[in-house]
Visitor: 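A single structure is presented below for examination.
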Amino acid sequence: MASPHLAPNYAPLPVVLAQGKGSWVTDTGGKTYFDALAGYSALNFGHLNNELIATAKQQLDTLTLTSRAFDNNLLDPFADALCALAQTEMMLPMNSGAEAVETALKAMRRWGHLVKGVAPDVGTIIVADGNFHGRTSTIISFSTDPVAHDAYGPYAPGFTIVPYGDLAAFEAALTPETVGVLIEPIQGEGGVIIPPADYLPGVQRLCKEHEVLLTLDEIQSGLGRTGKTFARELTGTTPDLMCLGKALGGGIMPVSAVTGRADVLSLFTAGTHGSTFGGNPLACAIGLKVCEILETGVWQEAATELGKAFSERLQSFVDEGLLVSKRSVGLWAGLDLDPQYGTGHDLCVTLMERGVLAKDTHGSTIRLAPPLTTSAEDLDWALDRLEESLRQLVG
Ligand SMILES: *Cc1c(COP(=O)(O)O)cnc(C)c1O
């Protein structure tokens, strides 16, 4: 599986997957693996989720694409359901997560110029170091990861980078020209970094005081992963805008959206922003079903319940010296291996050999994000394999 025709912008583990169901995937040789990455949280409801697949199949026989030149009959229901779930006023549908982030950046700048009255071309947006918001040339302009950032200049100006989790540094970075803040409530690619409990509420308060918009990027943290519908609920933070993606597409296709204040999103008038595929009928059908699934609260509850045993077991690995540290919330964990015992990649290869797929974030850190639909037995099985792998590496 190394076609010379495929650009090498990934270095995948040496496994070629051919099938999936629930928390399990099978490779071309017939070996099965527990999927502890779940498409970076795009597969929160598991592979080939029955309800989602049935919805998609039905829509494939009905109507798949209209473009926004015409409305489709699922656009309003999806918008209503997503705003009800997010307890907010308005949404704008896009496709990939990066497009949702771009939409939020444009919304904050547009509001900055048109409403806050910041002169054109000087509005700045504050972001955090260690962020991951996607791969467009504007977004990587404010990435602090050299691998994601370097060699792509010239870079988009207008961003101020502050240390994540440091409220005083955030306050010091605010200027009269600050129009917005873009931040992950928990940093996923950063290694599941959970900021101090008073950080997000503090950022929200300072944004109000300084007339600055707060955008939370919940593309990875949202839609049940943390045991809450949105990670922001863990700290009672209410953003002005929120970016959603990944699991919104039900593990089937890219579906993203920005949700939030109507007075901000309605600044996008006809022609000022758009997407050929955003809000297509197939995406709306799947997104609507995802909202219905989350409305029940079943998988948030499962993530909370399974998350307790998950966290305790991982903590026991730390207590035993098999890991340096762990951070976890719901069914989401960042694990740090002592670098003297290997890299995150080494650990993932060992795990793969034992039948568990996971991915390093950087250095000796790996992230676990199993489907929320996984069973306690399957999760235990995967954690047993993790324990064996750690014992093998730590010796
Ligand atoms: C994955 C991710 C994105 C980008 O989503 P794509 O669909 O890959 O463009 C943005 N923000 C966060 C927090 C993410 O985890």
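None of these values were measured; they are calculated from a predicted model. Whatever order the structure lists ligands and atoms in, that order sets their numbers, starting from 1. Computation of the quantities below employed the complete heavy-atom set of this structure, encompassing side-chain atoms and omitting hydrogens, waters and symmetry-equivalent molecules.
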Visitor: How far apart are the C-alpha atoms of Arg367 and Gln220, what are their side-chain angles, what is the distance that settles it, and do they pass the side-chain hydrogen bond (donor to acceptor under 3.5 Å, both in side chains) test?
Guide: CA-CA 12 Å; Arg367 167 236 341 259; Gln220 191 167 153; 2.7 Å; yes
Visitor: Do any nitrogen or oxygen atoms of ligand 1 lie under 3.5 Å from a protein nitrogen or oxygen, and which ones?
Guide:
unit_1: ligand 1; atom_1: 7 (O); unit_2: Gly97; atom_2: N; d: 2.8
unit_1: ligand 1; atom_1: 9 (O); unit_2: Gly97; atom_2: N; d: 3.3
unit_1: ligand 1; atom_1: 9 (O); unit_2: Ala98; atom_2: N; d: 2.8
unit_1: ligand 1; atom_1: 11 (N); unit_2: Phe132; atom_2: O; d: 3.4
unit_1: ligand 1; atom_1: 11 (N); unit_2: Asp217; atom_2: OD1; d: 3.4
unit_1: ligand 1; atom_1: 11 (N); unit_2: Asp217; atom_2: OD2; d: 2.6
unit_1: ligand 1; atom_1: 15 (O); unit_2: Gln220; atom_2: NE2; d: 2.8
unit_1: ligand 1; atom_1: 15 (O); unit_2: Lys246; atom_2: NZ; d: 2.6

Visitor: What residues form a side-chain contact (heavy atoms from CB on, under 4.5 Å) with Thr62, not counting sequence neighbours?
Guide: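 Expected list: Gln59.
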Visitor: Using the test ring pair (Phe, Tyr, Trp, His ring centres under 6.0 Å), find all partners of Tyr199 that sit at least two apart in sequence or belong to another chain.
Guide: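 Tyr199 satisfies ring pair (Phe, Tyr, Trp, His ring centres under 6.0 Å) with Tyr164 only.
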Visitor: Enter the distance from Phe132:CZ to Asp145:CG here, rounded to the nearest 0.5 Å.
Guide: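 So the gap between those two atoms works out to 9.0 Å.
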Visitor: Just to verify, what does Phe159 make a side-chain contact (heavy atoms from CB on, under 4.5 Å) with, not counting sequence neighbours?
Guide: Leu105, Arg109, Ile125, Val127, Thr138, Phe142, Ala156
Visitor: So, do Pro185 and Leu234 sit near enough that their side-chain heavy atoms are less than 4.5 Å apart?
Guide: no
